[in-house]
Amino acid sequence: MRLFARGIAALALAACALGGAGEVPGQGAKVRLGVLKLTSSAVLFLGAEKGYFREFGVEPELVFFDAAQPIAVAIASGDLDVGATGLTAGLYNIVAGGVKIWIVADKGREWPDHNLTALLVRRDLYDAGARTLRDLKGRTIGVTQIGSTFHYNVGRLLEREGMAPGDVEIVPLQSLGAVADALQAKRLDAAATAEPFVSRLESSGAGVTIIRTGDSLPWQIAAMLYSDTFARDRRRAVAFMRGYVKSSRHYFDAVLRKKSGPEFDEVVAITATYTGARPELIRRGFPYQDRDGRLMPGDIGRQTAWWYARGLVKAPIAATGIVDESFLREALEGLK
Amino acid sequence: MRVVIDRVSKTYADRRGQAIEALRDVSLTVESEEFVALVGPSGCGKSTLLNVVAGLTRPSAGAVELEGDFAPGRSATAMVFQESALFPWRTVQANVEFGLEELGVAPAERVRRAREHLALTGLAGFETRYPHQLSGGMRQRVGIARALAVDPAVLLMDEPFSALDAQTRRLLQEELLTIRERTRKTIVYVTHTIQEAVWLADRVVVLSRRPGRVLATVPIPLGRPRTEAQLVEPGFVGAVERLWSLIKAEALGALREAPA
Amino acid sequence: MSVRVPVPDRTRVLERREHPVVRVLALAGLLVLWELVTRTGRVPSLFLPSPLDVIQSGVEMLRSGELVTDVLTSLRRVVLGVGLGALGGVSVGLAIGISRLAEAVGNPLIAATFPIPKIALLPLLILWLGIGEASKVAVITLGVFFPMAINTYAGVRSADPLLIRAAVSFGAGRWSLIRKVLLPSALPMIFAGLKLGAGTSLLLLVAAEMIAANAGIGFLVLHAQNLMETTKLMVGIVLLSVLGVLTHWLLVRCERAAIPWTT
């Protein structure tokens, strides 16, 4: 039956996974690691390239995805051991649906001066005086999907402004590209989007940024996930975490602290070889994350409660049922 | 109503663009209340001639004229087709009303006249049937009723019974004779059966093989109303034999030349 | 010595018996098996929700009014799109079937645009017509228009020349000919096109509702997928199949009523 379940999930995955077939997880030394082929995965490219994981006896096998949600599904089905992905209502619903997956470490935050996403207003509305979220009352805001991190951004920002969810119309357009096109074509009044679309829309004159999410709403937007099977393999789970922490520290020191120089450029170069993106785009797209991989305290609980209150997560989720920082704690002890 | 066919010729192009001369210089007058049958070897242009009279084919030369009283609510000609040509989406009643609709007859009057002609052709009780629910003979009756309903001055019939089995054909021939006695219509009747032509008509016109010309006109020396006894009379047998001798050579020639 | 034997009955090999009970059992059996598999607890409900859960979820969504909104929204789009597409398709099909001029203009245009998968036009339609109702209805309209136009055209062209001659012999004019001969001749083909178009319309509905929609069955499916709510996803899928079956059934009924002359 387990195989049957995995078969179903594998079908769903077949279209998404870019990586080839590997070994059966839990056997051998390889750890199947699902990542997006984007700058936000830089810390994992760095770990693989610098041999930080190998140092602790684990060999990561990168499996590339072009959307965040399939990574969570693949972890739920056990096709991946580890994943780096955004925290969405869909992910929380996997847990609410009775499948165990574990959020184990920081993998990216909305953070002041390290903005991942932004809210843009259509140029002509901006010129007519729409400068705050309040000015968008009754207007449309494009997001990728209902339950996405962009949806969360808009929802939380509305809340902070004391506005009701119905004060704006959230329009899901499925992809960042479609959101950008719709704003460009003036079919939307505002857009919740991310780089490189923020720069692109601003330089084309289609929109103006009115809120940088990181500046106004720091939150845990992405995390490292363990499958339940991998989490039970305590020794390897901790070993992987040690490599991840080393990689995080390198990333933090070279990228987030220095902001330039040869070490920074090295990370840019490594990221470029994995993603094929242009270096100038990579420089702008590095997300903030904790040097030791610690999650923002209490933030996962805040997110699940927020989604649950809006009916988009179908059951309340206890933080202990989804967050497990014990691997990180153990790894950090061993590293000191 | 007289039908005056005056030096009618018809040439048309076949699928390959070759000119086919179907009729050459055909002149013929059908008198009022006369029943004329057109016979000839297959492909002789007798159907073409009928279509010219019906106004469904434009002659290349010559003209067809009708002489007589034209009353409103009445059609000059009406055609009965070989394969009934009933509209499959119309009931028997609606099929018979078709011509009346085109004449602009008021609905109530249409219903009345359609009923009357359905009764005349023995179709009472079949009004709401669709053509596919009828036998071939019944369909042909509807075709006749549809043509008679517009009260045409001239009734044109294009091999109307040739697709029917022998018994049905015989019955319908008798019915047609009865109808003729009652309505006194001028009738032009195309057939390839000599016996049928002689049995029904006052005069049989023989057309030659292509290009069709009037080869002979044979008056039928049988009185009316026709009875079955006449089928063995010397007048009948003689006319049949005379016509066959006229057509035989033509038919043989047509047989040799036409792959059609 | 002569014997009398009955003629052997050779028809048995041709017999294909009806099995109405088996029909029902096959479907019920699948559902029971499905339920049993989920009951074992070895397959997480996330991957395969049980039929009972799906039904329960459907009932809840019905009670909350969410399902009613979605179904009505979708139905309105389908009815509007199919209606407009059918009207346009039949008109254009008639025109190019009747007039040589319209044929010269319309035929190459249709031949060139027909093969475009209408789904591919969706992003373009959104840019032209906006993210509201217009683009969703338009894509369904286009999907229905082509099979209707092509089938109507073929239907008109296949009208029996003998019937046309018969009508003309009774003095039928152009309009009469169109209304009383060409249109009824094309009706079976028009219905075939309508059935084809209706199938396509559901596909396009779902595609259209997956972009920038806030209600509708397609939205429900996508929404459930985004949120990983497999049970709701199943409700949406079941709903689509029910809608497909109902639409076909309705069209067959309409066809029988509109074309009583075919057996």
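All values reported here derive from a predicted model rather than from experimental measurement. Just so it is clear: chains get the letters A, B, ... in the order the sequence lines come, proteins before strands, and each one is counted from 1. All heavy atoms count here, side chains included; hydrogens, waters and symmetry mates do not.
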*In terms of heavy-atom pairs under 4.5 Å with chain B, which of G171(C), S176(C), G173(C), A172(C) leads?*
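When all of G171(C), S176(C), G173(C), A172(C) are compared, A172(C) has the most.
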*Which bit of A54(B) is near chain C, if near means a heavy-atom gap under 4.5 Å: side chain, backbone, both or neither?*
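Neither part; nothing is under 4.5 Å.
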In Å, rounded to the nearest 0.5 Å, how long is the span from [atom1] of [X] to [atom2] of [Y]?
| X | Y | atom1 | atom2 | answer |
| --- | --- | --- | --- | --- |
| T91(B) | W261(C) | OG1 | CH2 | 12.0 Å |
| L163(C) | R90(B) | CG | CZ | 11.5 Å |
| L86(B) | L162(C) | CG | CG | 9.5 Å |
| R146(B) | S169(C) | CZ | OG | 6.5 Å |

*What heavy-atom pair brings P260(C) and Y130(B) nearest, and what distance separates the two atoms?*
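Between these two residues, the closest heavy atoms are CG-OH, 3.2 Å.
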*When you look at CZ of R179(C), are more than 12 heavy atoms from neighbouring residues, nucleotides or ligands closer to it than 6.0 Å?*
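Enclosed: over 12 neighbouring heavy atoms sit under 6.0 Å from CZ of R179(C).
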*Count the heavy atoms belonging to other residues, nucleotides or ligands that lie under 6.0 Å from CZ of R184(B), then report whether that count exceeds 12.*
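Yes, because the 6.0 Å sphere around CZ of R184(B) holds more than 12 heavy atoms from other groups.
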Answer whether the closest heavy-atom distance between the side chains of [X] and [Y] falls below 4.5 Å.
| X | Y | answer |
| --- | --- | --- |
| V150(B) | F170(C) | yes |
| F87(B) | K180(C) | no |
| F81(B) | R165(C) | yes |

